[in-house]
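Please read the structure below before turning to the comments.
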Amino acid sequence: MTITRAGHAFEGRPLGGEPLLLVELPDGSRTYIPVAWTDLGGEDDATGTPASEAGIGRPEQFLHLRALVDALLARRGESPAADEGEAPCN
């Protein structure tokens with residue numbers, strides 16, 4: 001991340017490390033949250049996916065994965081191995 005505010009002492013200088021947000025919680029305590037864990041993280045250049053959704057997966061991705069797994073399980077019943085006495089995996 002680079003400081004862009006005109007007139008700032010560090011203007012134009014890159015800051016090292018992962019960007020963090022200092023968040024004050026309702027109980028008054030404070031914690032640091034990586035910007036990548038939030039919707040402020042911008043977009044991933046390769047996919048156009050918000051950085052906050054680039055982690056484990058979005059709900060649409062899990063639904064698509066489930067459809068693929070269901071299709072593979074249905075095909076497994078048609079495979080030669082299933083015809084040779086192996087029970088399908090449920």
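Starting from 1, each residue takes its place in the sequence as its number.
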Worksheet entry | Partners passing side-chain contact (heavy atoms from CB on, under 4.5 Å) against T4 (at least two apart in sequence or in another chain) |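 T4: no side-chain contact (heavy atoms from CB on, under 4.5 Å) contacts found.
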Worksheet entry | For I3, all residues meeting side-chain contact (heavy atoms from CB on, under 4.5 Å), sequence neighbours excluded |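 side-chain contact (heavy atoms from CB on, under 4.5 Å) list for I3, sorted by chain: H8, F10, L15.
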Worksheet item: Which pairs, with at least one residue in residues 24-36 and sequence neighbours excluded, count as a salt bridge (Lys or Arg N to Asp or Glu O under 4.0 Å)?
Response: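 Found E24-R30.
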Discussion item. Strictly by salt bridge (Lys or Arg N to Asp or Glu O under 4.0 Å), give each pair with a member in residues 9-19 just once, sequence neighbours left out.
Written reply: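 Listed once each, the pairs would be none.
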Worksheet item: When Ile, Leu, Val, Met, Phe, Trp and Tyr are grouped by side-chain heavy atoms lying under 4.5 Å apart, directly or through other members, which residues fall in the same group as L63?
Response: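 Listed partners: none, L63 stands alone.
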Worksheet item: What's in the same ILVMFWY side-chain cluster as Y32, cut-off under 4.5 Å, chained through other members?
Response: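 Besides Y32, the hydrophobic cluster comprises L20, L22, listed by chain and residue number.
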Please report, to 0.1 Å, the donor-acceptor pairs under 3.5 Å made by any side chain of residues 66-73, with sequence neighbours excluded.
from	atom 1	to	atom 2	distance (Å)
R66	NE	D70	OD1	2.9
R66	NE	D70	OD2	3.2

